[in-house]
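All values reported here derive from a predicted model rather than from experimental measurement. Letters A, B, ... are given to chains in the order of the sequence lines, protein chains preceding strands, and every chain is numbered from 1.
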Amino acid sequence: MGVITKYVNNIAETVTTIFEGMAITLSHLVRRPITLQYPDRLEKPVQEMLPRRYRGILEVDLDICTGCLACERVCPISCITIGIEMNKETKQRSFSHFDIDICKCMYCGLCAEACPTGSIRHSQEFEGACYNPAGLVRHFATEPVPLYKPKKGGETDPKLAHKVDVGQKYLDEFATPESAGGAGAEEA
Amino acid sequence: MVLAALVVVSVFVAPLAGITSWLERRVWARMQSRVGPNRVGPQGILQWLADGIKNLLKEDIIPEAADKRLFSLAPYVVFVGFIATFVVIPFGSQLIVADLNIGILYILAVTSLVVVGILMAGWSSNNKWSLLGGMRSAAQIVSYEIPAGLSVLTIVFVVGSMSMQDIIKGQGWAPWDWFLFYSPFTFVAFFLYFTAALAEGNRTPFDIPEAESELVAGYVTEYSGMRFLFFFFAEWGNLYVIGAIATTLFLGGWHIPPIPGIQEHPIIKGVLEFFVFFVKAYLWVFVAMWVRATLPRVRVDQLMSLCWKYMVPLAFLCLLGTATWVLVWPQGNRIGSIVMFLIGVAILALFIGRLRFQIRHTRPEIYLKPYI
(Lines give C-alpha, C1' and ligand atoms only; values in the text may rest on other atoms or scores of the structure.)
Protein backbone atom coordinates (compact mmCIF):
# COMPACT_ATOMS: atom_id res chain seq x y z
CA MET A 1 0.00 0.00 0.00
CA GLY A 2 1.35 3.33 -0.99
CA VAL A 3 2.04 6.00 1.55
CA ILE A 4 -0.60 8.29 0.11
CA THR A 5 -3.27 5.55 0.11
CA LYS A 6 -2.45 4.76 3.70
CA TYR A 7 -2.68 8.41 4.66
CA VAL A 8 -6.07 8.85 2.99
CA ASN A 9 -7.28 5.57 4.49
CA ASN A 10 -6.28 6.77 7.94
CA ILE A 11 -8.38 9.90 7.51
CA ALA A 12 -11.34 7.97 6.14
CA GLU A 13 -11.12 5.47 8.99
CA THR A 14 -10.95 8.21 11.62
CA VAL A 15 -14.02 9.96 10.22
CA THR A 16 -16.15 6.83 9.77
CA THR A 17 -15.30 5.26 13.11
CA ILE A 18 -16.06 8.48 14.99
CA PHE A 19 -19.30 8.77 13.00
CA GLU A 20 -20.34 5.26 14.04
CA GLY A 21 -19.20 5.73 17.64
CA MET A 22 -21.22 8.92 17.98
CA ALA A 23 -24.33 7.06 16.77
CA ILE A 24 -23.78 4.39 19.42
CA THR A 25 -23.39 6.87 22.28
CA LEU A 26 -26.42 8.88 21.17
CA SER A 27 -28.49 5.70 21.09
CA HIS A 28 -27.47 5.20 24.72
CA LEU A 29 -28.88 8.63 25.60
CA VAL A 30 -32.42 7.39 25.02
CA ARG A 31 -31.99 4.29 27.16
CA ARG A 32 -33.46 3.86 30.59
CA PRO A 33 -30.67 4.20 33.17
CA ILE A 34 -30.11 0.97 35.05
CA THR A 35 -29.35 2.79 38.30
CA LEU A 36 -31.60 1.92 41.25
CA GLN A 37 -31.90 5.04 43.36
CA TYR A 38 -31.62 3.33 46.75
CA PRO A 39 -33.14 3.91 49.22
CA ASP A 40 -35.78 6.60 48.64
CA ARG A 41 -36.66 6.56 44.93
CA LEU A 42 -37.58 2.95 44.31
CA GLU A 43 -40.82 1.61 42.95
CA LYS A 44 -40.82 -1.01 45.71
CA PRO A 45 -38.38 -1.58 48.59
CA VAL A 46 -35.25 -3.58 47.84
CA GLN A 47 -36.39 -6.12 50.44
CA GLU A 48 -39.21 -7.13 48.12
CA MET A 49 -36.93 -7.43 45.12
CA LEU A 50 -34.52 -9.87 46.77
CA PRO A 51 -34.58 -13.58 45.85
CA ARG A 52 -36.47 -15.98 48.13
CA ARG A 53 -33.34 -17.69 49.36
CA TYR A 54 -31.61 -14.43 50.33
CA ARG A 55 -30.01 -14.73 53.77
CA GLY A 56 -30.98 -11.56 55.56
CA ILE A 57 -31.14 -10.84 59.27
CA LEU A 58 -32.54 -13.79 61.26
CA GLU A 59 -36.10 -13.69 62.54
CA VAL A 60 -37.91 -16.05 64.87
CA ASP A 61 -41.60 -16.87 65.02
CA LEU A 62 -41.87 -17.82 68.68
CA ASP A 63 -45.49 -19.00 68.25
CA ILE A 64 -44.29 -22.13 66.47
CA CYS A 65 -40.92 -22.55 68.22
CA THR A 66 -40.73 -25.86 70.10
CA GLY A 67 -37.75 -24.82 72.21
CA CYS A 68 -35.66 -27.81 71.05
CA LEU A 69 -32.47 -25.69 71.16
CA ALA A 70 -31.25 -27.24 67.90
CA CYS A 71 -30.39 -23.81 66.53
CA GLU A 72 -28.50 -22.78 69.64
CA ARG A 73 -26.45 -25.95 69.50
CA VAL A 74 -25.72 -25.86 65.78
CA CYS A 75 -24.70 -22.21 65.70
CA PRO A 76 -20.91 -22.21 65.11
CA ILE A 77 -20.35 -18.85 66.81
CA SER A 78 -23.01 -19.06 69.51
CA CYS A 79 -24.89 -15.94 68.57
CA ILE A 80 -28.22 -17.47 69.67
CA THR A 81 -28.97 -17.63 73.39
CA ILE A 82 -32.22 -19.22 74.55
CA GLY A 83 -33.49 -19.36 78.12
CA ILE A 84 -36.37 -21.68 79.06
CA GLU A 85 -38.11 -21.61 82.49
CA MET A 86 -40.72 -23.89 83.97
CA ASN A 87 -43.60 -22.51 85.92
CA LYS A 88 -43.67 -24.78 89.02
CA GLU A 89 -47.39 -24.53 89.56
CA THR A 90 -48.74 -25.10 86.05
CA LYS A 91 -45.80 -27.18 84.76
CA GLN A 92 -45.87 -24.86 81.75
CA ARG A 93 -42.48 -24.30 80.09
CA SER A 94 -41.89 -20.92 78.51
CA PHE A 95 -39.11 -18.81 77.00
CA SER A 96 -37.58 -16.30 79.38
CA HIS A 97 -35.41 -14.91 76.62
CA PHE A 98 -34.56 -15.68 72.99
CA ASP A 99 -31.76 -13.38 71.82
CA ILE A 100 -29.84 -13.34 68.54
CA ASP A 101 -26.74 -11.18 68.34
CA ILE A 102 -26.72 -9.88 64.77
CA CYS A 103 -23.21 -8.48 65.36
CA LYS A 104 -21.87 -12.00 65.58
CA CYS A 105 -24.16 -13.76 63.12
CA MET A 106 -22.38 -14.78 59.94
CA TYR A 107 -25.53 -15.71 58.01
CA CYS A 108 -24.43 -19.32 57.49
CA GLY A 109 -28.02 -20.54 57.65
CA LEU A 110 -27.25 -23.65 59.74
CA CYS A 111 -29.85 -22.73 62.37
CA ALA A 112 -32.58 -22.41 59.76
CA GLU A 113 -31.68 -25.85 58.37
CA ALA A 114 -31.68 -27.45 61.80
CA CYS A 115 -35.04 -26.01 62.89
CA PRO A 116 -37.77 -28.70 62.81
CA THR A 117 -40.66 -26.27 62.39
CA GLY A 118 -39.05 -23.51 60.37
CA SER A 119 -39.62 -20.95 63.06
CA ILE A 120 -36.10 -19.47 62.82
CA ARG A 121 -35.41 -18.19 59.34
CA HIS A 122 -33.61 -15.60 57.30
CA SER A 123 -35.77 -12.58 56.49
CA GLN A 124 -35.24 -10.30 53.49
CA GLU A 125 -34.23 -7.52 55.88
CA PHE A 126 -30.63 -6.31 55.57
CA GLU A 127 -30.65 -2.73 56.87
CA GLY A 128 -29.17 -3.32 60.32
CA ALA A 129 -27.41 0.00 60.92
CA CYS A 130 -27.79 1.33 64.46
CA TYR A 131 -25.93 3.59 66.84
CA ASN A 132 -24.48 1.02 69.24
CA PRO A 133 -23.77 -2.71 69.16
CA ALA A 134 -26.36 -3.43 71.85
CA GLY A 135 -29.03 -2.31 69.42
CA LEU A 136 -28.08 -5.17 67.14
CA VAL A 137 -29.10 -7.84 69.63
CA ARG A 138 -32.58 -8.94 68.64
CA HIS A 139 -34.80 -9.84 71.63
CA PHE A 140 -37.63 -12.05 70.47
CA ALA A 141 -39.11 -12.92 73.89
CA THR A 142 -39.78 -9.63 75.64
CA GLU A 143 -42.17 -11.42 78.00
CA PRO A 144 -42.38 -15.15 78.84
CA VAL A 145 -43.81 -17.03 75.83
CA PRO A 146 -45.05 -20.57 76.16
CA LEU A 147 -43.41 -23.26 74.03
CA TYR A 148 -45.21 -24.65 71.00
CA LYS A 149 -46.23 -28.32 71.08
CA PRO A 150 -46.87 -29.90 67.68
CA LYS A 151 -50.23 -31.69 67.71
CA LYS A 152 -50.76 -35.09 66.15
CA GLY A 153 -52.90 -34.94 63.04
CA GLY A 154 -52.19 -31.33 62.22
CA GLU A 155 -52.83 -27.96 63.78
CA THR A 156 -56.44 -27.06 64.51
CA ASP A 157 -56.12 -23.40 65.49
CA PRO A 158 -56.37 -21.65 62.07
CA LYS A 159 -54.05 -18.82 63.09
CA LEU A 160 -51.33 -21.20 64.23
CA ALA A 161 -51.96 -23.53 61.28
CA HIS A 162 -51.08 -20.72 58.92
CA LYS A 163 -47.84 -20.06 60.76
CA VAL A 164 -46.95 -23.74 60.70
CA ASP A 165 -47.55 -23.80 56.96
CA VAL A 166 -45.32 -20.77 56.44
CA GLY A 167 -42.56 -22.41 58.48
CA GLN A 168 -42.91 -25.70 56.61
CA LYS A 169 -42.85 -23.93 53.26
CA TYR A 170 -39.69 -22.11 54.29
CA LEU A 171 -38.11 -25.38 55.38
CA ASP A 172 -38.97 -27.01 52.05
CA GLU A 173 -37.66 -24.16 49.99
CA PHE A 174 -34.68 -23.07 51.98
CA ALA A 175 -33.39 -25.83 54.16
CA THR A 176 -33.86 -28.78 51.82
CA PRO A 177 -30.66 -29.48 49.89
CA GLU A 178 -30.81 -28.95 46.14
CA SER A 179 -30.13 -32.63 45.48
CA ALA A 180 -33.26 -33.52 47.45
CA GLY A 181 -35.47 -31.29 45.36
CA GLY A 182 -35.02 -28.02 47.25
CA ALA A 183 -35.76 -24.67 45.71
CA GLY A 184 -32.20 -24.24 44.49
CA ALA A 185 -32.67 -27.01 41.94
CA GLU A 186 -35.21 -25.14 39.89
CA GLU A 187 -33.25 -21.87 40.05
CA ALA A 188 -30.14 -23.56 38.72
CA MET B 1 -17.53 49.45 32.79
CA VAL B 2 -16.37 47.55 35.87
CA LEU B 3 -19.95 47.30 37.08
CA ALA B 4 -21.16 46.09 33.68
CA ALA B 5 -18.41 43.48 33.61
CA LEU B 6 -19.37 42.35 37.12
CA VAL B 7 -23.01 42.02 36.09
CA VAL B 8 -22.14 40.08 32.94
CA VAL B 9 -19.85 37.72 34.84
CA SER B 10 -22.25 37.07 37.70
CA VAL B 11 -25.57 37.04 35.84
CA PHE B 12 -24.65 35.40 32.56
CA VAL B 13 -21.26 33.66 32.59
CA ALA B 14 -21.33 32.10 36.06
CA PRO B 15 -24.74 30.40 35.69
CA LEU B 16 -23.81 29.45 32.14
CA ALA B 17 -20.63 27.68 33.22
CA GLY B 18 -22.38 26.20 36.24
CA ILE B 19 -25.39 24.86 34.41
CA THR B 20 -23.12 23.54 31.67
CA SER B 21 -21.22 21.59 34.32
CA TRP B 22 -24.47 20.13 35.64
CA LEU B 23 -25.84 19.37 32.18
CA GLU B 24 -22.61 17.73 31.14
CA ARG B 25 -22.74 15.42 34.12
CA ARG B 26 -26.36 14.54 33.37
CA VAL B 27 -25.82 13.94 29.65
CA TRP B 28 -22.67 12.00 30.29
CA ALA B 29 -24.40 9.87 32.89
CA ARG B 30 -27.33 9.07 30.61
CA MET B 31 -24.96 8.01 27.85
CA GLN B 32 -23.42 5.58 30.33
CA SER B 33 -26.83 4.30 31.56
CA ARG B 34 -26.48 6.17 34.84
CA VAL B 35 -28.59 8.96 36.33
CA GLY B 36 -26.18 11.74 37.26
CA PRO B 37 -26.67 14.42 39.92
CA ASN B 38 -30.43 14.79 40.47
CA ARG B 39 -30.81 15.60 44.16
CA VAL B 40 -30.00 19.30 44.69
CA GLY B 41 -33.00 21.30 43.57
CA PRO B 42 -35.38 20.04 40.87
CA GLN B 43 -33.51 17.34 38.95
CA GLY B 44 -30.23 18.54 40.46
CA ILE B 45 -30.18 21.79 38.54
CA LEU B 46 -28.74 23.59 41.57
CA GLN B 47 -25.87 21.12 41.87
CA TRP B 48 -23.46 23.71 40.51
CA LEU B 49 -24.43 26.15 43.31
CA ALA B 50 -23.84 23.49 45.93
CA ASP B 51 -20.47 22.63 44.40
CA GLY B 52 -19.53 26.30 44.17
CA ILE B 53 -20.44 27.02 47.79
CA LYS B 54 -18.59 23.92 48.93
CA ASN B 55 -15.48 25.01 47.08
CA LEU B 56 -15.71 28.55 48.43
CA LEU B 57 -15.87 27.24 51.99
CA LYS B 58 -12.85 24.99 51.58
CA GLU B 59 -9.46 25.84 52.95
CA ASP B 60 -7.18 27.59 50.49
CA ILE B 61 -3.99 25.55 50.62
CA ILE B 62 -0.75 26.80 49.10
CA PRO B 63 2.10 24.26 49.20
CA GLU B 64 5.10 25.41 51.18
CA ALA B 65 7.57 24.83 48.33
CA ALA B 66 5.34 26.56 45.78
CA ASP B 67 6.12 29.88 44.17
CA LYS B 68 3.41 31.64 46.12
CA ARG B 69 2.86 34.67 43.91
CA LEU B 70 2.65 32.77 40.64
CA PHE B 71 0.63 30.04 42.31
CA SER B 72 -2.07 32.43 43.46
CA LEU B 73 -2.03 34.44 40.24
CA ALA B 74 -2.31 31.52 37.78
CA PRO B 75 -6.07 30.76 38.10
CA TYR B 76 -6.92 34.38 37.42
CA VAL B 77 -4.74 34.50 34.32
CA VAL B 78 -6.57 31.45 32.97
CA PHE B 79 -9.87 33.02 33.90
CA VAL B 80 -9.04 36.34 32.23
CA GLY B 81 -8.02 34.50 29.07
CA PHE B 82 -11.44 32.91 28.96
CA ILE B 83 -13.66 35.78 30.09
CA ALA B 84 -12.05 38.37 27.79
CA THR B 85 -13.46 36.53 24.76
CA PHE B 86 -16.97 37.61 25.80
CA VAL B 87 -16.07 41.15 24.74
CA VAL B 88 -16.41 40.34 21.04
CA ILE B 89 -19.02 37.55 21.07
CA PRO B 90 -21.98 38.86 19.02
CA PHE B 91 -25.16 37.71 20.76
CA GLY B 92 -27.32 39.85 18.45
CA SER B 93 -27.10 42.52 15.81
CA GLN B 94 -26.97 45.15 18.62
CA LEU B 95 -25.96 42.95 21.51
CA ILE B 96 -22.17 43.01 21.47
CA VAL B 97 -19.83 44.66 23.94
CA ALA B 98 -17.35 45.94 21.36
CA ASP B 99 -17.36 45.15 17.66
CA LEU B 100 -13.59 45.30 17.25
CA ASN B 101 -12.37 45.37 13.67
CA ILE B 102 -9.87 42.63 14.60
CA GLY B 103 -12.49 40.61 16.51
CA ILE B 104 -11.48 37.08 15.62
CA LEU B 105 -7.77 37.86 15.89
CA TYR B 106 -8.48 39.29 19.33
CA ILE B 107 -10.11 36.01 20.35
CA LEU B 108 -7.13 33.97 19.12
CA ALA B 109 -4.84 36.35 21.01
CA VAL B 110 -6.61 36.42 24.39
CA THR B 111 -7.23 32.68 24.48
CA SER B 112 -3.46 32.24 24.26
CA LEU B 113 -3.34 33.78 27.72
CA VAL B 114 -4.81 30.52 29.00
CA VAL B 115 -1.56 28.71 28.12
CA VAL B 116 0.41 31.22 30.17
CA GLY B 117 -1.87 30.64 33.14
CA ILE B 118 -1.67 26.87 32.84
CA LEU B 119 2.12 26.94 32.54
CA MET B 120 2.27 29.24 35.57
CA ALA B 121 0.09 26.84 37.54
CA GLY B 122 2.17 23.83 36.48
CA TRP B 123 5.49 25.46 37.19
CA SER B 124 4.67 27.21 40.45
CA SER B 125 3.07 24.18 42.11
CA ASN B 126 6.57 22.65 42.39
CA ASN B 127 5.15 19.21 41.78
CA LYS B 128 6.17 16.82 39.03
CA TRP B 129 2.60 15.99 38.02
CA SER B 130 1.65 19.64 37.80
CA LEU B 131 4.75 20.49 35.80
CA LEU B 132 4.19 17.62 33.34
CA GLY B 133 0.55 18.63 32.97
CA GLY B 134 1.49 22.23 32.36
CA MET B 135 4.13 21.31 29.79
CA ARG B 136 1.78 18.95 27.97
CA SER B 137 -0.92 21.58 27.91
CA ALA B 138 1.43 24.21 26.52
CA ALA B 139 2.66 21.85 23.78
CA GLN B 140 -0.90 20.89 22.93
CA ILE B 141 -2.37 24.37 22.83
CA VAL B 142 0.53 25.81 20.83
CA SER B 143 0.20 22.96 18.30
CA TYR B 144 -3.55 23.14 17.92
CA GLU B 145 -3.54 26.89 17.64
CA ILE B 146 -2.21 26.41 14.09
CA PRO B 147 -5.08 24.37 12.56
CA ALA B 148 -7.57 26.48 14.53
CA GLY B 149 -6.04 29.69 13.24
CA LEU B 150 -5.85 28.39 9.68
CA SER B 151 -9.48 27.30 9.62
CA VAL B 152 -10.51 30.66 11.03
CA LEU B 153 -8.43 32.24 8.28
CA THR B 154 -10.50 30.51 5.56
CA ILE B 155 -13.53 32.46 6.75
CA VAL B 156 -11.53 35.68 6.96
CA PHE B 157 -10.57 35.06 3.30
CA VAL B 158 -14.20 34.75 2.33
CA VAL B 159 -15.42 37.80 4.24
CA GLY B 160 -12.41 40.04 3.88
CA SER B 161 -12.85 41.28 7.45
CA MET B 162 -11.97 40.12 10.94
CA SER B 163 -14.85 41.86 12.67
CA MET B 164 -17.29 39.39 14.23
CA GLN B 165 -20.34 41.38 13.06
CA ASP B 166 -19.00 41.59 9.49
CA ILE B 167 -18.48 37.83 9.44
CA ILE B 168 -22.09 37.26 10.51
CA LYS B 169 -23.44 39.85 8.09
CA GLY B 170 -21.69 37.97 5.27
CA GLN B 171 -24.00 35.01 5.96
CA GLY B 172 -27.77 34.62 5.92
CA TRP B 173 -30.49 33.00 7.98
CA ALA B 174 -30.84 30.02 5.64
CA PRO B 175 -28.41 27.12 6.13
CA TRP B 176 -27.19 27.32 2.52
CA ASP B 177 -26.13 30.89 3.18
CA TRP B 178 -23.93 29.80 6.07
CA PHE B 179 -20.19 29.65 5.59
CA LEU B 180 -20.36 26.01 6.68
CA PHE B 181 -21.75 25.21 3.20
CA TYR B 182 -19.91 27.98 1.34
CA SER B 183 -17.55 25.49 -0.28
CA PRO B 184 -16.29 21.96 0.45
CA PHE B 185 -13.21 23.55 1.98
CA THR B 186 -15.06 25.59 4.58
CA PHE B 187 -17.10 22.49 5.39
CA VAL B 188 -13.92 20.62 6.29
CA ALA B 189 -12.50 23.72 7.99
CA PHE B 190 -15.47 23.76 10.36
CA PHE B 191 -14.71 20.28 11.67
CA LEU B 192 -11.00 21.10 11.85
CA TYR B 193 -11.84 24.21 13.87
CA PHE B 194 -14.14 22.34 16.24
CA THR B 195 -11.60 19.58 16.85
CA ALA B 196 -8.76 22.04 17.35
CA ALA B 197 -10.91 24.13 19.70
CA LEU B 198 -11.70 21.05 21.79
CA ALA B 199 -7.97 20.36 22.02
CA GLU B 200 -7.28 23.96 23.00
CA GLY B 201 -9.95 23.76 25.67
CA ASN B 202 -8.28 20.62 27.11
CA ARG B 203 -11.45 18.63 26.55
CA THR B 204 -11.68 14.88 26.27
CA PRO B 205 -10.38 13.21 24.04
CA PHE B 206 -7.56 15.74 24.22
CA ASP B 207 -7.43 16.10 28.00
CA ILE B 208 -3.93 14.70 28.44
CA PRO B 209 -2.83 17.71 30.55
CA GLU B 210 -5.16 16.47 33.27
CA ALA B 211 -5.16 12.77 32.47
CA GLU B 212 -6.25 11.25 35.76
CA SER B 213 -4.67 7.88 35.13
CA GLU B 214 -1.25 9.39 34.50
CA LEU B 215 -1.01 12.80 36.10
CA VAL B 216 -3.41 12.79 39.10
CA ALA B 217 -5.07 16.04 38.00
CA GLY B 218 -2.30 17.65 35.97
CA TYR B 219 -1.73 21.32 36.59
CA VAL B 220 -4.61 21.59 39.10
CA THR B 221 -3.20 18.87 41.39
CA GLU B 222 -2.10 21.28 44.12
CA TYR B 223 -5.07 23.60 43.90
CA SER B 224 -8.03 23.61 46.25
CA GLY B 225 -11.09 25.65 47.07
CA MET B 226 -11.71 28.87 45.21
CA ARG B 227 -8.63 28.71 42.96
CA PHE B 228 -9.50 25.20 41.85
CA LEU B 229 -12.99 26.44 41.07
CA PHE B 230 -11.64 29.17 38.80
CA PHE B 231 -9.87 26.63 36.58
CA PHE B 232 -13.06 24.64 36.09
CA PHE B 233 -15.17 27.75 35.74
CA ALA B 234 -12.93 28.67 32.80
CA GLU B 235 -13.00 25.15 31.37
CA TRP B 236 -16.80 24.86 31.28
CA GLY B 237 -17.34 28.44 30.27
CA ASN B 238 -14.84 27.93 27.48
CA LEU B 239 -17.10 25.23 26.04
CA TYR B 240 -19.72 27.85 25.35
CA VAL B 241 -17.12 30.17 23.86
CA ILE B 242 -16.09 27.40 21.44
CA GLY B 243 -19.72 26.98 20.40
CA ALA B 244 -20.22 30.72 20.06
CA ILE B 245 -17.18 31.17 17.83
CA ALA B 246 -18.17 28.19 15.67
CA THR B 247 -21.66 29.69 15.35
CA THR B 248 -20.30 33.08 14.41
CA LEU B 249 -17.84 31.80 11.85
CA PHE B 250 -19.71 28.95 10.22
CA LEU B 251 -23.32 28.73 11.32
CA GLY B 252 -24.87 32.08 10.46
CA GLY B 253 -24.67 33.62 13.94
CA TRP B 254 -27.77 35.51 15.04
CA HIS B 255 -29.54 35.66 11.66
CA ILE B 256 -33.29 35.08 11.95
CA PRO B 257 -35.71 34.41 9.09
CA PRO B 258 -37.27 37.64 7.71
CA ILE B 259 -40.61 37.33 9.49
CA PRO B 260 -42.80 40.31 8.45
CA GLY B 261 -43.48 42.84 11.18
CA ILE B 262 -40.54 41.89 13.33
CA GLN B 263 -38.09 44.46 11.99
CA GLU B 264 -40.09 47.27 13.64
CA HIS B 265 -39.81 45.77 17.13
CA PRO B 266 -36.18 46.05 18.12
CA ILE B 267 -36.69 44.31 21.45
CA ILE B 268 -38.51 41.26 20.06
CA LYS B 269 -35.97 41.11 17.26
CA GLY B 270 -33.10 41.36 19.71
CA VAL B 271 -34.52 38.62 21.94
CA LEU B 272 -35.13 36.33 18.95
CA GLU B 273 -31.62 36.93 17.65
CA PHE B 274 -30.15 36.20 21.07
CA PHE B 275 -32.24 33.04 21.34
CA VAL B 276 -31.15 31.77 17.90
CA PHE B 277 -27.49 32.47 18.63
CA PHE B 278 -27.67 30.91 22.06
CA VAL B 279 -29.34 27.72 20.82
CA LYS B 280 -26.89 27.29 17.96
CA ALA B 281 -23.93 27.82 20.26
CA TYR B 282 -25.32 25.55 22.94
CA LEU B 283 -25.86 22.79 20.41
CA TRP B 284 -22.10 22.61 20.03
CA VAL B 285 -21.67 22.52 23.78
CA PHE B 286 -23.88 19.45 23.69
CA VAL B 287 -21.79 17.98 20.88
CA ALA B 288 -18.65 18.52 22.96
CA MET B 289 -20.28 16.60 25.86
CA TRP B 290 -21.29 13.90 23.45
CA VAL B 291 -17.76 13.61 22.03
CA ARG B 292 -16.48 13.37 25.57
CA ALA B 293 -18.78 10.44 26.24
CA THR B 294 -17.72 8.74 23.01
CA LEU B 295 -13.99 8.95 22.44
CA PRO B 296 -11.19 7.66 24.66
CA ARG B 297 -8.27 9.86 25.56
CA VAL B 298 -5.53 9.95 22.92
CA ARG B 299 -1.87 9.32 23.70
CA VAL B 300 0.62 12.20 23.59
CA ASP B 301 2.26 10.96 20.37
CA GLN B 302 -1.14 10.35 18.77
CA LEU B 303 -2.17 13.84 19.76
CA MET B 304 0.87 15.36 18.12
CA SER B 305 0.66 13.19 15.00
CA LEU B 306 -3.04 14.03 14.61
CA CYS B 307 -2.24 17.71 14.73
CA TRP B 308 0.95 17.95 12.67
CA LYS B 309 0.45 15.11 10.21
CA TYR B 310 -3.26 15.42 9.53
CA MET B 311 -4.90 18.59 10.74
CA VAL B 312 -2.23 21.12 9.74
CA PRO B 313 -1.92 19.84 6.12
CA LEU B 314 -5.69 19.59 5.82
CA ALA B 315 -6.09 23.10 7.17
CA PHE B 316 -3.56 24.39 4.63
CA LEU B 317 -5.44 22.54 1.91
CA CYS B 318 -8.68 24.18 3.04
CA LEU B 319 -6.99 27.57 3.05
CA LEU B 320 -5.62 27.13 -0.48
CA GLY B 321 -8.93 25.71 -1.70
CA THR B 322 -10.92 28.59 -0.26
CA ALA B 323 -8.47 31.11 -1.71
CA THR B 324 -8.95 29.55 -5.16
CA TRP B 325 -12.71 29.41 -4.68
CA VAL B 326 -12.81 33.11 -3.75
CA LEU B 327 -10.65 33.96 -6.78
CA VAL B 328 -12.91 32.02 -9.16
CA TRP B 329 -16.25 33.07 -7.66
CA PRO B 330 -15.71 36.34 -5.75
CA GLN B 331 -19.44 36.57 -4.90
CA GLY B 332 -19.66 32.92 -3.84
CA ASN B 333 -21.04 30.00 -5.78
CA ARG B 334 -24.76 29.69 -5.05
CA ILE B 335 -25.18 26.29 -6.71
CA GLY B 336 -22.08 24.99 -4.95
CA SER B 337 -23.49 26.13 -1.61
CA ILE B 338 -26.80 24.40 -2.22
CA VAL B 339 -25.03 21.19 -3.27
CA MET B 340 -22.92 21.35 -0.11
CA PHE B 341 -26.08 21.91 1.91
CA LEU B 342 -27.68 18.83 0.35
CA ILE B 343 -24.54 16.82 1.10
CA GLY B 344 -24.79 18.05 4.69
CA VAL B 345 -28.41 16.92 4.87
CA ALA B 346 -27.44 13.56 3.39
CA ILE B 347 -24.74 13.09 6.04
CA LEU B 348 -27.28 13.96 8.75
CA ALA B 349 -29.78 11.50 7.26
CA LEU B 350 -27.11 8.80 7.14
CA PHE B 351 -26.32 9.52 10.76
CA ILE B 352 -29.96 9.25 11.79
CA GLY B 353 -30.12 5.96 9.89
CA ARG B 354 -27.13 4.61 11.82
CA LEU B 355 -28.69 5.87 15.07
CA ARG B 356 -31.95 4.07 14.35
CA PHE B 357 -30.00 0.96 13.47
CA GLN B 358 -28.18 1.13 16.83
CA ILE B 359 -31.45 1.55 18.72
CA ARG B 360 -33.11 -1.29 16.81
CA HIS B 361 -30.06 -3.51 16.98
CA THR B 362 -29.56 -3.37 20.74
CA ARG B 363 -33.30 -3.13 21.54
CA PRO B 364 -32.84 -0.95 24.62
CA GLU B 365 -35.66 -0.01 26.92
CA ILE B 366 -36.40 3.46 25.53
CA TYR B 367 -36.70 6.20 28.13
CA LEU B 368 -37.10 9.57 26.45
CA LYS B 369 -37.93 11.62 29.54
CA PRO B 370 -35.06 13.95 30.43
CA TYR B 371 -35.78 13.51 34.11
CA ILE B 372 -35.67 10.46 36.36
Could you tell me if the side chain of A:I11 sits less than 4.5 Å from the side chain of B:L314, heavy atoms only? yes

Note, A:E20 side chain near B:R354 side chain (heavy atom, < 4.5 Å): yes

Mind listing the closest non-hydrogen atom pair of [X] and [Y] along with its distance?
X: B:V35; Y: A:P33; answer: CG2-CB, 4.0 Å
X: B:F286; Y: A:L29; answer: CZ-CD2, 4.0 Å
X: B:I359; Y: A:S27; answer: CG1-CB, 3.6 Å

Does the A:R31 side chain pair with the main chain of B:M31, one donor and one acceptor, at a distance under 3.5 Å? no

Look at the side chain of B:W290 and the backbone N and O of A:M22, then say whether any donor-acceptor pair between them is shorter than 3.5 Å. yes

Give the C-alpha distance, both sets of side-chain angles, the deciding distance and a yes or no for side chain to side chain contact (heavy atoms under 4.5 Å, CB included) between B:R39 and A:R41. CA-CA 11 Å; B:R39 298 289 168 133; A:R41 292 192 194 166; 3.7 Å; yes

Verdict with supporting geometry, B:I347 and A:F19, side chain to side chain contact (heavy atoms under 4.5 Å, CB included): CA-CA 10 Å; B:I347 291 173; A:F19 188 80; 4.0 Å; yes

I would like to know whether B:T294 and A:L26 meet side chain to side chain contact (heavy atoms under 4.5 Å, CB included); could you show each step before the answer? CA-CA 9 Å; B:T294 307; A:L26 198 65; over 6 Å; no

Going by the angle between their ring planes, with limits at 30° and 60°, are B:Y310 and A:Y7 parallel, tilted or perpendicular? parallel

Quick one: what part of B:P205 sits under 4.5 Å from any heavy atom of chain A, side chain, backbone, both or neither? neither

Answer with side chain, backbone, both or neither: which region of B:L350 has an atom nearer than 4.5 Å to a non-hydrogen atom of chain A? both

Straight-line distance of [X] [atom1] to [Y] [atom2], nearest 0.5 Å:
X: B:T195; Y: A:I18; atom1: OG1; atom2: CD1; result: 7.5 Å
X: A:I34; Y: B:Q32; atom1: CD1; atom2: CD; result: 11.0 Å
X: A:T25; Y: B:L355; atom1: OG1; atom2: CG; result: 9.0 Å

If you tally heavy-atom pairs under 4.5 Å between each of B:A293, B:G36, B:S33 and chain A, the highest tally belongs to B:S33

Return yes when atom CD1 of A:I77 has more than 12 non-hydrogen atoms of other residues, nucleotides or ligands closer than 6.0 Å, and no otherwise. yes

